[in-house]
Amino acid sequence: KPAYLIKIGDALEVVDQLVADERTIYVPPSKILWPMPSADVEKWVREDTDDRLFLDLVSYIADHLELPSWRQYAIMALWVMMTWVYEKWDKLPYLFFLGPPATGKTRAQEVLHQLCWHAMHTVVLTEATIFRSAEYLKPTLLVDEATLWDREKQAAVISVLNARHDRRLLVPRVDKEKGGPDSIQG
């Protein structure tokens, strides 16, 4: 059952709802778009260090993927950690898997889907999908490269993706319902 993990002083507490004021009570949604952590999170937050988290991520990735070198597991683990604190940087790198069919690219994205901040693994991508999901959900997008094969048809999608890696760039759109411009930052 979804719940909130909150920090009160130095203590962590699991609660079924958050009371903001007399009229506002937040209840976790019953349908969640991405995997949620287990109840063990409270224990891990208290006991683990960043180094331990990094080594656990490397181990998890190594258990699920076969990569040529330890460095690649480390890069993936660091990239996962970055997705959880992405707001600290103006620019973020993409992680791109290149290889012939049946070499584990989709499997790597499935593993990342389990580990990254609000991961969304998608094969159908439009400008609107990127724009709205970035605006409302702030996900880590995991895009199957087949989506981007037709560069002429996907030129606008590629432009939006290229702008999204840099927080300082704006992606302008017109919202007809609001009667004016709308934009998201990278």
Side-chain angles (χ1 to χ4, degrees), residues 2 29 31-38 41 53-54 56-176 181-186:
K31 185 173 183 181
I32 299 174
L33 299 174
W34 39 78
M36 295 299 289
S38 69
V41 164
L53 174 60
F54 171 74
D56 285 348
L57 286 168
V58 167
S59 177
Y60 181 87
I61 294 166
D63 286 348
H64 292 84
L65 298 175
E66 186 176 330
L67 299 174
S69 77
W70 184 87
R71 284 182 178 170
Q72 291 165 332
Y73 295 109
I75 288 168
M76 285 184 70
L78 291 168
W79 195 83
V80 166
M81 293 173 80
M82 179 221 38
T83 69
W84 287 86
V85 291
Y86 70 91
E87 71 280 353
K88 294 187 179 284
W89 292 282
D90 287 333
K91 291 188 177 193
L92 302 171
Y94 285 124
L95 192 57
F96 187 74
F97 297 97
L98 182 63
T103 55
K105 298 178 300 295
T106 300
R107 178 70 181 138
Q109 288 187 352
E110 290 168 352
V111 170
L112 290 173
H113 184 259
Q114 296 299 314
L115 301 172
C116 292
W117 167 259
H118 290 187
M120 289 179 63
H121 190 199
T122 181
V123 292
V124 178
L125 202 56
T126 65
E127 290 173 83
T129 303
I130 299 168
F131 185 78
R132 295 296 174 219
S133 64
E135 182 178 9
Y136 298 116
L137 303 172
K138 309 247 184 288
T140 300
L141 288 176
L142 304 171
V143 182
D144 191 300
E145 99 272 10
T147 304
L148 305 176
W149 278 353
D150 188 346
R151 290 202 172 266
E152 284 183 26
K153 278 186 176 178
Q154 295 293 359
V157 169
I158 292 168
S159 294
V160 172
L161 287 173
N162 286 337
R164 290 281 306 140
H165 86 284
D166 189 337
R167 182 184 309 278
R168 298 170 297 176
L169 298 177
L170 291 177
V171 179
R173 294 290 178 265
V174 174
D175 186 337
K176 292 178 183 176
D182 199 4
S183 65
I184 58 169
Q185 281 189 292

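In this text the structure is predicted, and so the values were computed from the model without any measurement.
- Summarising the geometry, atom CD belonging to Q109 is positioned 10.5 Å from atom CG belonging to L141; distances are rounded to the nearest 0.5 Å.
- L92 approaches W89 most closely through the heavy-atom pair CD2-CB, 3.9 Å.
- Residues P93 and M82 approach most closely at CD-SD, 3.6 Å, considering heavy atoms.
- The CE atom of M81 sits 11.5 Å away from atom CG of L115, with the distance rounded to the nearest 0.5 Å.
- Taking CE from M76 and SG from C116, the interatomic distance works out to 8.0 Å, rounded to the nearest 0.5 Å.
- Going from atom OH of Y73 over to atom CG of L67 covers 4.0 Å, rounded to the nearest 0.5 Å.
- Considering NZ of K105 and CG of L65, their distance stands at 12.5 Å, rounded to 0.5 Å.
- Taking 4.5 Å as the limit, every side-chain heavy atom of T83 sits out of range of all side-chain heavy atoms of L112.
- Nearest approach of I61 to A77, heavy atoms of both residues: CD1-N, 3.7 Å.
- Using cut-offs of 30° and 60° on the angle between ring planes, the pair W117 and Y86 is tilted.
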**Study point:** Criterion side-chain contact (heavy atoms from CB on, under 4.5 Å) on F97 and R107, from CA distance to verdict
**Key:** CA-CA 10 Å; F97 297 97; R107 178 70 181 138; over 6 Å; no
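- Here CD of Q72 is found 10.0 Å from CG of L95. Values are rounded to the nearest 0.5 Å.
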